[in-house]
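First comes the structure, then the notes that go with it.
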Amino acid sequence: MRSQFSKVLLGLGLAATAVAQNLTQEGPFALRVKGQARNSTINGYLHTVDVGPILTEKPIQYEAISSPPAGNLTYEFYFNYTGFSESNGNTVGLVISDATLESNAGSGFYGRPMSLQFSAASNIAYALTGAGSASSIGFNQENKAFINTYFDDSTYVPGEPPSPGDFDLYSWAICWQFFARVYMPSLSWVTYGPSHNPTCERVDLIREAL
C-alpha cells in the first residue's frame, strides 16, 4: 500500500505552459534499493555525491546501510508534480534533491531534478541530479519508481507513425560507474537487454518515508 508522504503546495508557474499551474511537493523521503535476484546482497539507500565546486551535477551513490543517517540531507529526496500527468493511475513528476537550492538565480525553480545520462559506448545510463534535464518519474502503489515514456519503438513499422501510449519502465540497476574521477556503485539504468557493464545488478527503486 502507498505510504503517506508530507505535501506542500509550492504554487509555482511552469514556464513551458501558457497558464500557471500549482506545483505539489512530497517529501523528504529516502530512496531505497533492493536487488531483484534471489541471491542479491544489494539492500540499502541512495545519496547524492558532491564531486567538486565546478560541477553542478551530482551522481547518486549506493550505500549498504540499514537506514539513512538521521539529518543527512544528501539522503533526502522530493517528488514534484502538477497532477496533470498520470500513467496507469499513478502520478508522474520529477524526483529532485537539494529542494531549497534555486536551480537558476531568479528563476523561481528550486531543487536538482534527477535525469539519466547516456553513453554511446554502453546500454547503461547513470542517474544524476542537477544535469539540466529531468526524467519523467512516478511511483506505483508499492512505492516502486518507474520512468514513464509514451512510445515503444519495438512496435514501429516503416511509414506508419506510431500511436502514443503509457509505458512504465522499471529498469533500475546498481552499477559501478565512473564520473568526474570518482568510481562508485551508482544508481543506473539498463536501456535494454543484458547489461554491457558486468558490475550491474538489477534493483527495485523504492520510496520510503523518513
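Side chains of S195 and N197: a donor-acceptor N/O pair is absent below 3.5 angstrom, by distance only. A donor-acceptor pair shorter than 3.5 Å cannot be found between the side chains of Q25 and Y81.
Formation of a donor-acceptor pair under 3.5 Å by the S122 side chain with backbone atoms of S119 is not found in this model. For the pair Y75 (side chain) and L31 (backbone), a donor-acceptor distance under 3.5 Å is absent. Without hydrogens or angle criteria, N123 side chain to Y192 main chain gives a donor-acceptor distance under 3.5 Å. Using modelled atom types, one side-chain atom of R112 and one backbone atom of T56 make a donor-acceptor pair closer than 3.5 Å.
Other cluster members for Y78: L94, I96, joined by side-chain heavy-atom distances under 4.5 Å among Ile, Leu, Val, Met, Phe, Trp and Tyr.
Taking 4.5 Å as the limit, every side-chain heavy atom of F179 sits out of range of all side-chain heavy atoms of Q117. Between M114 and I137 there is a side-chain heavy-atom pair separated by less than 4.5 Å. Annotation: side chain of Y156 is in contact with side chain of D153 (closest heavy-atom distance under 4.5 Å). Under the 4.5 Å side-chain criterion, counting only non-hydrogen atoms from C-beta, L169 is not in contact with F146. Residues K144 and L205 have side chains not in contact (no heavy-atom distance under 4.5 Å, counting atoms from C-beta outward). The closest side-chain heavy-atom distance from R207 to E26 is below 4.5 Å. Side chains of I124 and Y126 form no contact here, defined as non-hydrogen atoms less than 4.5 Å apart. Counting only heavy atoms from C-beta outward, the side chains of P194 and V190 never approach each other to under 4.5 Å.
Sorted by first then second residue, the side chain to side chain donor-acceptor pair (under 3.5 Å) pairs that include residues 168-181, not counting sequence neighbours, are S87-D168, N88-D168, N140-Y170, N148-D168, Q177-S188. Residue pairs meeting the disulfide (SG to SG under 2.5 Å) criterion with at least one member in residues 41-92: none, sequence neighbours excluded.
Between F139 and F79, the two ring planes are perpendicular [angle over 60°; tilted spans 30° to 60°].
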Applying side chain to side chain donor-acceptor pair (under 3.5 Å) to E208 and Y45, what does each step give before you reach the verdict? CA-CA 10 Å; E208 283 192 0; Y45 291 85; 2.7 Å; yes
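In this structure, L128 is a member of the same hydrophobic cluster as V182, with clusters built from ILVMFWY side-chain heavy atoms closer than 4.5 Å.
Interatomic distance, NZ of K34 versus CD of E201, reported as 11.5 Å (0.5 Å rounding). Atom OG1 of T191 and atom NE2 of H196 lie 11.0 Å apart (nearest 0.5 Å). Residue F84 holds its CZ atom at 12.0 Å from OG1 of T91, rounded to the nearest 0.5 Å.
Of the options T129, T48, D98, a side chain to side chain donor-acceptor pair (under 3.5 Å) to K58 is made by D98 and by none of the others. Tested against T199, the residues P185, S186, C175 include a single side chain to side chain contact (heavy atoms under 4.5 Å, CB included) partner, C175.
Counting non-hydrogen atoms of neighbouring residues, nucleotides and ligands closer than 6.0 angstrom, the CZ atom of F151 exceeds 12 such neighbours.
Salt bridge absent: R32 and D204 never bring a charged side-chain N and a carboxylate O closer than 4.0 Å.
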